[in-house]
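Let me begin by presenting the structure, written as structure tokens, before commenting on it.
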Amino acid sequence: MDIPKQYDPKEAEQHHYERWEKNGYFAPEINRDPKAPVFSIVIPPPNVTGSLHMGHALQHTLMDVMTRHKRMCGYRALWLPGMDHAGISTQLMVSRALKKEGKSRHDLGREKFVERVWQWKRESGGQITVQMRRLGDSVDWSREKFTMDEDLSRIVREVFVRLYEDGMIYRGNRIVNWCPQDQTVLSDLEVEKQPQAGKLYYLQYPIKNSDKRVTVATTRPETMLGDTAVAVNPGDERYGALVGQTVLLPLTNREIPIIADEYVDPQFGTGAVKITPAHDPNDYDMGLRHNLPQVVVIDPHAKMTADAGVDFAGLDRYKAREKVVADFEGLGLLEKIVDYEFSISKCERCKTVIEPLISTQWFMKMDQLRDVALALMSREQLPHFTPETYRKVYTDWLENLRDWTISRQLWWGHQIPAWYTPSGDVIVATSEEEARAKAGTSELTQDPDVLDTWFSSALWPFSTLGWPNDTEDLKTFYPTSVLVTARDIIFLWVSRMVMMGLKFVGDEPFADVFITGTILDSQGQRMSKTKMNGVDPIDVFDKFGVDATRLTLAQVGSTDTRWNEKQVESYRNFANKIWNAARFCLLNSEGAEVKPEILEQSTALHDRWIVSRLNRAARDLNAAINAYDFHGAVQTLYHFFWDDFCDWYIELAKADVTAEQDSAARTEARTRLLTVLEHALRLLHPFMPYITEELWQRLPGEKGLHAAYSGAQPTVMLTAYPEGATNLVDEAAESEMQVIIELISRVRNIRSEMNIKPGERIPVVVASSSENLRRVFSSARDQISRLVRASEVTVNERLDAPKASARAVLSGGAELAVPLEGLIDFEQERRRLQREQEKLQAEATKLEAQLGNPNFVERAPVERVNEVRERIAAIAQQSSQLQQTVENLQ
RNA sequence: AGGCGCGUAGCUCAGGGGUAGAGCACUACCUUGACACGGUAGGGGUCUGCGGUUCAAAUCCGCACGCGCCUACCA
């Protein structure tokens with residue numbers, strides 16, 4: 001058999017995925033058990049323009065671990081993939097491509113432009129699906145969806161119409177966030193706040209029929225051209241007399257009132273605020289309260305309008321700002337300018353400063369849906385968030401939810417299914433035909449706007465499953481089991497899916513929500529394109545292998561973690577360890593094959609021990625995965641495989657397995673070793689799909705699949721995930737083995753501390769008053785001998801060894817001695833024993849202090865007190881044995 | 001301004017009322033027939049600080065400091 005010494009991940013990553021996909025292993029139909037429980041996840045659809053970044057790699061790893069785990073547990077498992085049309089990003093991307101050809105989207109016209117986007121999508125969209133295959137995502141590609149698919153688009157229209165008919169969608173004229181660059185409205189969630197070092201300008205407005213002035217402070221002087229009032233707090237004594245008077249607004253010919261409103265904070269600035277209802281959300285609200293006119297002085301391109309006056313019309317907003325300030329200064333009305341840090345709203349896509357503008361848009365009322373979602377949370381604690389702290393984030397957000405601006409002035413997206421008659425009536429329908437029928441005319445114009453991308457995403461968990469038809473998929477897979485996503489879209493997406501799911505299907509879209517952590521760069525900064533500090537997962541795959549990367553990511557779970565390549569390297573080493581352990585098993589497999597029954601028929605201590613450890617690990621793993629404790633799961637796998645299986649079991653079994661002579665005992669040892677390995681590969685598979693499949697395929701024997709998949713081509717993917725049988729967890733075997741392990745470690749410690757040459761064989765004397773322990777030592781005599789390189793191992797009731805021996809006391813009431821005539825350095829040995837003694841004493845002192853405290857004895861649980869007493873007794877015994885030993889050295 | 005999270009070994013992180021953990025890094029020895037991407041044995045922490053609750057606090061509760069993130073209409 002030819003197995004290289006080093007594992008080559010690329011080799012394994014090359015062919016298995018294609019076979020899994022081709023054989024339909026990812027589709028839930030592979031499960032033949034009609035009574036199989038169901039597990040389903042819908043993928044957070046990545047942008048069609050996107051490529052795989054660390055965040056995806058993390059989320060996908062976790063979703064794949066869960067899906068593979070549940071599939072192996074016999075669940076009818078579906079992980080449904082798809083992509084999002086990503087309105088603004090995609091439109092921008094294609095527009096940029098056009099620009100290189102010297103064209104704009106307006107040159108093409110809407111229809112041609114949209115066709116161009118589709119063409120782009122066909123040719124270069126969905127790069128990420130290739131990368132998902134590399135990562136090993138076991139998604140059912142036969143169910144792949146795209147938010148702009150015809151069927152999903154129809155569902156979007158259907159939902160829109162129903163919401164409109166329910167009075168939850170309306171068209172209105174309001175102040176909105178406008179991006180002057182992208183020429184579209186944005187929702188509150190699509191603008192980002194940034195701290196900005198700016199200026200606060202103090203402007204003086206003359207009061208009519210008086211020589212007094214009132215000073216207002218503003219960060220945006222240009223908006224004063226649209227002021228329609230000055231407001232003060234009604235309780236502000238400084239200004240009480242002014243309320244009701246009129247201000248002569250400089251640079252304009254207008255007179256505006258001084259009004260009183262609670263909103264004004266007397267502590268801030270001068271306590272008097274200029275009010276510009278057309279260009280500030282707060283002023284807008286105040287304008288409505290006081291019936292103030294809205295004077296629009298800034299247009300959608302962020303240029304000043306004719307209403308700003310002839311001196312300003314056509315100026316850019318920042319140029320206008322300079323001119324307003326200069327003019328005030330010229331008039332002697334500029335009181336002062338102070339440095340001031342405030343936050344500014346920017347378009348999250350293009351980073352242009354948002355202009356609040358009054359505009360006609362489509363909105364969705366959220367109060368009713370919000371209440372239903374909140375009721376679900378208070379009544380059933382759904383969805384259940386992991387980590388739980390996000391429950392509060394989610395509910396707080398919902399409680400403060402406002403209407404959602406759902407229209408966008410884009411061409412790429414779901415065009416709003418509303419038509420206008422020549423007389424201006426609005427007809428909302430699922431198709432133009434239906435609209436014509438409703439309107440009684442064919443002279444209709446469709447609303448040019450499209451819907452916010454998140455509108456279709458909100459429907460994702462049921463639109464992908466065939467709603468509004470009562471499909472098998474919808475009945476089977478909805479509600480889905482868990483949603484895995486990053487925390488930044490809890491509001492944009494998670495909450496909206498809950499609301500829409502409840503409204504249209506009647507059930508919550510998912511029971512659980514797992515919020516992943518964030519992978520930061522090594523400096524603790526968020527990875528971002530602009531900072532160029534991102535780590536490309538594909539590069540990591542190439543360098544360390546997909547499986548090692550997955551293990552690293554799975555371990556991250558819900559914690560924010562700095563990217564640490566050393567960690568991946570360590571898991572690359574782990575993969576290599578697995579490879580070489582398997583290599584050893586396979587190189588010594590002649591005459592043997594995997595045979596699961598053998599595990600229950602183990603009699604030797606080390607065999608019962610590894611079976612116990614295996615089942616314990618399996619039990620812990622199932623519990624950890626089900627509790628979304630991925631970090632714990634990875635640790636369990638790592639230590640079971642490396643420490644228990646490689647460091648101890650293989651070494652203990654080695655003599656039997658590698659015996660030159662063929663024998664029943666050798667075959668049995670080999671069979672057991674192969675079988676334990678096969679179980680370990682199954683445990684590892686959800687985390688490390690490639691190396692496990694590669695090795696599993698090489699194991700000899702009829703390796704069974706889970707009953708639900710009988711008849712399928714052999715693959716570790718479809719084997720049963722070991723459950724961890726309680727009856728095979730053998731506490732006695734584990735504690736007996738623990739004594740052997742301790743014995744071996746102590747002797748090795750003596751060898752190392754005494755500087756005994758590695759090749760030197762030494763006699764070992766062990767003694768215990770316990771007959772059982774003596775039996776344990778005797779049966780393990782050969783193994784102990786090999787692992788500590790002993791010339792002979794003697795087991796007695798009482799320790800009988802020459803003075804010139806190194807000694808140690810074991811925790812189970814056993815002692816050992818290593819006679820070292822001529823080799824031992826008495827002084828060194830005394831120091832070594834002294835250190836042991838000190839450690840014990842330190843512990844004893846602590847425990848005795850505890851026992852000496854009457855409150856402890858009275859109030860602590862009895863078991864606890866007894867534990868301490870027993871421990872003290874054990875230490876006392878060990879200690880006196882050690883003392884004896886030290887004295888014997890004289 | 002509020003809310004949330006975090007502060008544990010040199011580094012990256014687990015843990016979480018009852019004797020401080022892992023990986024990496026470090027020290028010594030080892031090319032022993034699976035693996036040097038390895039083996040064996042070690043060293044290393046008053047668990048940010050101060051108070052409180054408790055028989056017992058790294059763990060629970062306050063407060064302070066530091067670091068993140070989120071929400072917010074202070075011009």
Side-chain angles (χ1 to χ4, degrees), chain A residues 3 5-7 193 200-201 216-220 223 231 263-265 267-276 280-286 340 342-343 387 389-390 392-393 396-397 400 487-488 490-491 518 520 522 524-526 544 548 555-557 559-567 569-588 629 631-632 634-635 638-639 646-647 650-651 654 658 744-745 748-753 755-759 786-789 839 842-844 846-847 850 853-861 864-865 867-868 871:
Chain A
I3 306 170
K5 278 189 175 185
Q6 244 183 37
Y7 171 54
K193 297 280 169 67
L200 192 57
Y201 302 85
V216 296
T218 180
T219 54
R220 303 189 57 198
T223 62
Y263 159 77
V264 181
D265 176 2
Q267 306 301 319
F268 188 88
T270 62
V273 192
K274 58 185 279 307
I275 302 300
T276 322
D280 181 277
N282 303 308
D283 294 6
Y284 176 84
D285 289 342
M286 200 186 297
Y340 182 63
F342 59 104
S343 74
T389 181
Y390 291 107
K392 187 172 156 53
V393 174
D396 284 358
W397 161 259
N400 297 309
R487 64 175 151 253
D488 51 349
I490 293 176
F491 310 141
T518 308
L520 307 167
S522 57
Q525 304 272 312
R526 289 181 87 88
F544 299 108
Q555 161 176 273
V556 166
T559 326
D560 289 359
T561 310
R562 294 172 186 221
W563 181 251
N564 179 209
E565 201 178 83
K566 282 282 181 193
Q567 184 65 77
E569 191 181 330
S570 135
Y571 287 134
R572 187 270 319 262
N573 295 352
F574 179 51
N576 196 53
K577 188 75 179 176
I578 295 169
W579 181 261
N580 278 290
R583 179 168 181 268
F584 172 79
C585 299
L586 289 169
L587 290 174
N588 294 287
D629 173 15
H631 189 280
V634 171
Q635 293 304 307
Y638 187 91
H639 293 291
C646 294
D647 288 351
I650 290 184
E651 295 305 328
K654 199 170 254 177
T658 58
I744 292 170
S745 302
R748 284 167 167 174
N749 174 260
I750 287 169
R751 291 191 65 119
S752 170
E753 301 263 327
N755 292 318
I756 295 164
K757 291 214 169 55
R786 212 160 20 79
L787 294 185
V788 304
R789 304 203 134 226
K839 274 187 202 165
E843 196 187 339
K846 262 192 206 170
L847 293 173
Q850 249 187 332
N853 180 350
N855 285 327
F856 170 71
V857 183
E858 264 170 54
R859 306 198 196 179
R864 179 69 205 149
V865 177
E867 238 174 74
V868 173
R871 182 70 190 135

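Below, read A as the first sequence line, B as the second, and so on, with proteins coming before strands; counting in each chain starts at 1.
Using N1 to N3 plus N6-O4 or O6-N4 for Watson-Crick, or N1-O2 and O6-N3 for G-U wobble, each under 3.5 Å, B/rG62 pairs with B/rC50. Taking a pair to require two hydrogen-bonding distances under 3.5 Å in either a Watson-Crick or a G-U wobble arrangement, B/rC67 pairs with B/rG5. In this entry B/rG43 has no Watson-Crick or G-U wobble partner, no candidate having both defining distances under 3.5 Å.
Taking atom P in both B/rC24 and B/rA20, one finds a spacing of 23 Å when rounded to whole Å. One P atom belongs to B/rA22, the other to B/rG3, and the distance between them is 38 Å to the nearest Å. Between B/rC61 and B/rG7, the two P atoms lie 14 Å apart (nearest whole Å). The separation of B/rC6 from B/rC30, taken at their P atoms, amounts to 46 Å, rounded to a whole angstrom.
One finds no side-chain N or O of A/Asn282 lying less than 4.0 angstrom from the OP1 or OP2 phosphate oxygen of B/rC74. The shortest distance between the side-chain N/O atoms of A/Arg562 and the OP1/OP2 oxygens of B/rU12 is below 4.0 Å. Contact annotation: A/Lys577 reaches the phosphate of B/rG39 (side-chain N/O to OP1 or OP2, under 4.0 Å). For B/rA34, neither phosphate oxygen OP1 nor OP2 lies less than 4.0 angstrom from any side-chain nitrogen or oxygen of A/Lys5. Listed pair A/Thr559 / B/rC6 fails the phosphate criterion, with no side-chain N or O lying under 4.0 Å from OP1 or OP2. Residue A/Tyr340 has a polar side-chain atom (N or O) positioned under 4.0 Å from OP1 or OP2 of B/rA75.
Looking at the side chain of A/Pro758, the nearest of the listed nucleotides B/rU19, B/rC4, B/rC30 is B/rC30. Taking only side-chain atoms of A/Glu843, from C-beta outward, the nucleotide of B/rC4, B/rC37, B/rU19 with the closest atom is B/rU19.
A/Asn564 places its CG atom 17 Å from the P atom of B/rA22, with the value rounded to the nearest Å.
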